[in-house]
Enquirer: 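Attaching a single structure in structure tokens format; questions to follow.
This structure is a prediction, so every number in the text was calculated from the model and none was measured.
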2 protein chains.
Amino acid sequence: MERRLTQRGRARRTELMTCAARLFSDQGFHSTSVSDIVNTLGVGKGVFYWYFPSKDDLFIEILRGANRDLRRRQQAAIGDEPDPLVRIELGIRATMQWFHEHRSSFTLIQFARTDDRFTDVLAQNQEVAIGDAVRHIKDGIVAGEIADQVPEVLAEAVVGVTERLARTYLLERDEPVTEVADAAVAFCLNGLKG
Amino acid sequence: MERRLTQRGRARRTELMTCAARLFSDQGFHSTSVSDIVNTLGVGKGVFYWYFPSKDDLFIEILRGANRDLRRRQQAAIGDEPDPLVRIELGIRATMQWFHEHRSSFTLIQFARTDDRFTDVLAQNQEVAIGDAVRHIKDGIVAGEIADQVPEVLAEAVVGVTERLARTYLLERDEPVTEVADAAVAFCLNGLKG
DNA sequence: TGGTGCCTTGACCGAGTGGTCGAGATTTCC
DNA sequence: GGAAATCTCGACCACTCGGTCAAGGCACCA
């Protein structure tokens with residue numbers, strides 16, 4: 001199924017992906033037809049099926065790409081910071097910033113959770129994300145900075161707060177990122193310290 | 001649009017709603033056709049459109065019903081408990097228990113968030129839920145039991161933790177409700193105290 | 001017995017979908 | 001130049017869906 005692509009081909013491919021991502025996020029996955037996508041780009045339908053085997057596959061690739069990007073951003077933000085609590089704080093802030101800049105991805109992930117065809121990809125993504133957080137939390141517990149609870153549960157709680165505040169205040173109300181991040185960090189760090 | 005219904009009619013109506021809710025939650029809203037619903041019940045398609053003007057309307061009514069039910073449950077659990085922090089704890093526990101018993105509703109709400117046609121109903125529901133929580137939090141701040149932060153943000157954080165832990169541990173992994181509720185309560189109360 | 005609403009049926013409709021394909025344009029490389 | 005590979009086109013296909021409707025059944029009352 002893998003195709004050999006020229007440089008021009010790769011450009012088209014990403015063009016299709018970004019265009020589709022925007023449409024999916026704006027109108028929803030089901031309400032966006034393949035025709036919508038190719039019409040928006042002003043190309044024929046054959047173009048789409050030259051680069052992607054199906055609409056579902058395209059969506060899955062979009063999801064994977066988004067996750068890869070978010071994770072890179074988190075790791076870059078954390079760098080080699082030694083203090084586990086600070087690492088978590090930096091992670092939360094980087095995530096907020098990323099959600100702010102990639103609102104459409106947020107919507108896409110939300111949707112993917114409601115459709116069995118995509119839950120697998122999402123589960124993989126989540127596993128990685130939670131794994132990252134768990135590592136920092138374990139370090140924090142060892143260092144005595146975090147309550148001695150099941151690390152994974154704490155990680156889920158932190159992610160829950162971050163996602164929820166991102167949705168309500170960044171996506172729905174467009175409030176300043178830093179303030180939202182401050183609130184998330186404050187709540188989470190207290191929740192973790194116990 | 002309101003119909004006069006006999007007792008038998010009302011029964012059919014709820015029969016349709018519960019059947020549809022189960023199918024929507026199992027296979028997704030889009031993947032469940034009106035034909036699926038009526039076939040499952042072994043009736044003709046006309047029956048559906050006798051009781052509901054459209055598939056969307058049915059879904060909206062299901063959402064409203066679910067929310068009404070959850071709120072009743074929360075209020076019953078809280079009763080006339082005077083301590084704001086305890087009220088919040090009771091609310092979280094009641095919510096967990098309800099999600100545990102109404103898994104399908106959880107999935108439905110998740111989906112509704114991703115479709116513009118339903119975001120209005122959901123927004124109304126959310127407003128009420130957050131409003132309830134905010135009241136308790138304000139009381140807690142006045143009593144000096146809760147950090148002096150914007151009450152609404154704290155409420156959103158609490159809801160975020162509760163929803164996330166419910167999804168991961170109740171829906172996906174089927175862990176014991178009490179333990180999940182304990183974890184949510186512990187994290188949230190610490191987060192609130194500041 | 002006949003009439004009046006409530007309820008049920010399922011064939012049918014138009015719209016729209018994801019996906020195919022043969023034909024042709026364009027680029028690449030010898 | 002010309003062959004091969006990459007890419008583009010859009011009519012077309014098979015199918016599904018939400019929703020309609022003329023027709024008929026059924027319960028109850030006069």
Side-chain angles (χ1 to χ4, degrees), chain A residues 1-21 23-24 26-63 108 111-112 114-118, chain B residues 1-63 108 111-112 114-118:
Chain A
M1 265 302 147
E2 277 297 298
R3 290 213 177 279
R4 275 216 170 311
L5 292 182
T6 64
Q7 192 163 8
R8 195 163 124 269
R10 278 196 298 276
R12 257 273 193 274
R13 213 185 126 91
T14 56
E15 200 182 9
L16 279 164
M17 284 180 64
T18 51
C19 174
L23 288 176
F24 287 159
D26 287 353
Q27 333 174 356
F29 177 77
H30 288 289
S31 313
T32 304
S33 65
V34 175
S35 302
D36 284 345
I37 299 170
V38 293
N39 288 343
T40 304
L41 244 51
V43 301
K45 214 180 206 179
V47 173
F48 184 95
Y49 288 97
W50 175 261
Y51 293 101
F52 299 97
S54 75
K55 196 187 167 191
D56 286 8
D57 277 79
L58 161 70
F59 188 61
I60 288 174
E61 282 217 33
I62 293 176
L63 286 178
L108 265 34
F111 165 77
T114 70
D115 197 310
D116 276 341
R117 288 170 294 177
F118 310 122
Chain B
M1 263 305 149
E2 278 296 301
R3 289 213 178 277
R4 277 222 168 306
L5 293 181
T6 65
Q7 192 162 8
R8 192 161 129 270
R10 278 195 299 274
R12 257 272 193 273
R13 212 184 126 90
T14 57
E15 198 181 12
L16 278 164
M17 284 181 66
T18 51
C19 174
R22 220 194 53 240
L23 288 176
F24 285 160
S25 148
D26 287 354
Q27 334 173 355
F29 178 77
H30 288 289
S31 313
T32 304
S33 65
V34 175
S35 302
D36 285 344
I37 299 170
V38 293
N39 288 344
T40 304
L41 246 51
V43 299
K45 213 180 208 178
V47 172
F48 183 96
Y49 287 97
W50 175 260
Y51 293 100
F52 299 97
S54 76
K55 195 187 167 191
D56 286 9
D57 277 79
L58 162 69
F59 188 61
I60 288 174
E61 282 215 34
I62 292 176
L63 285 178
L108 265 33
F111 166 77
T114 69
D115 196 310
D116 275 340
R117 288 171 294 177
F118 310 121

Enquirer: How close or far is atom P of C:dC7 from atom CG of B:Leu41, stated in whole angstroms?
Expert: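 Value for this atom pair: 15 Å.
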Enquirer: Just verifying a value: how many Å separate A:Leu16 CG and A:Phe52 CZ, rounded to the nearest 0.5 Å?
Expert: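 With rounding to 0.5 Å, CG (A:Leu16) is 5.5 Å from CZ (A:Phe52).
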Enquirer: Measure the distance from CD on A:Gln7 to P on D:dC7 and round it to the nearest whole Å.
Expert: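 After rounding, the reported distance stands at 11 Å.
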Enquirer: Send over the distance from A:Arg13 CZ to D:dT6 P, rounded to a whole Å.
Expert: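 Computing the A:Arg13:CZ to D:dT6:P distance gives 15 Å.
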Enquirer: Which pair of non-hydrogen atoms, one from B:Asp116 and one from A:Asp26, has the smallest distance, and what is that distance?
Expert: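 Heavy atoms of B:Asp116 and A:Asp26 come nearest at OD2-O, 3.9 Å.
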Enquirer: Between B:Arg12 and C:dT8, is there a side-chain N or O to OP1/OP2 distance below 4.0 Å?
Expert: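 So the side chain of B:Arg12 is within the cut-off, an N or O lying under 4.0 Å from OP1 or OP2 of C:dT8.
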Enquirer: Output the distance between atom CD1 (B:Ile62) and atom CG (B:Leu108), rounded to the nearest 0.5 Å.
Expert: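 Between B:Ile62 CD1 and B:Leu108 CG, I get 6.0 Å after rounding to 0.5 Å.
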Enquirer: At under 4.0 Å, does any side-chain N or O of B:Trp50 touch on OP1 or OP2 of C:dC7?
Expert: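 Answer is yes, contact under 4.0 Å.
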Enquirer: Sugar-phosphate atoms are those with a prime plus P, OP1 and OP2; base atoms are the rest. Using that split, label each nucleotide of nucleotides 18-30 of chain C B, S or - for protein heavy atoms under 4.0 Å, 5' to 3'.
Expert: BBB----------
Enquirer: Using whole Å, report how far CZ of B:Phe59 lies from C1' of D:dC17.
Expert: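 Roughly 17 Å, once rounded to whole Å.
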Enquirer: Whole-Å distance between D:dC9 P and A:Asn39 CG?
Expert: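 Going from A:Asn39 (CG) to D:dC9 (P), I get 11 Å.
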Enquirer: Round to the nearest Å and state the distance from A:Gln27 atom CD to C:dG16 atom C1'.
Expert: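 Atom CD in A:Gln27 sits about 14 Å away from atom C1' in C:dG16.
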Enquirer: What pairs of residues pass the side-chain hydrogen bond (donor to acceptor under 3.5 Å, both in side chains) test when at least one of them lies in residues 15-25 of chain B, not counting sequence neighbours?
Expert: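 side-chain hydrogen bond (donor to acceptor under 3.5 Å, both in side chains) check on residues 15-25 of chain B returns B:Arg12-B:Glu15.
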Enquirer: Search all heavy atoms of B:Asp36 against all heavy atoms of B:Ser31 and return the closest pair with its distance.
Expert: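 Heavy atoms only, the tightest pair is OD2-O, 3.5 Å.
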Enquirer: Heavy-atom nearest nucleotide on DNA chain D for B:Asp36 versus A:Val43: which residue maps closer to 5'?
Expert: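 It is A:Val43 whose nearest nucleotide is closer to the 5' end.
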Enquirer: Do we get A:Lys55 above A:Phe24's six-membered ring, with its NZ or CZ under 6.0 Å from the centre and within 45° of the axis?
Expert: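 Checked: cation-pi criterion not met.
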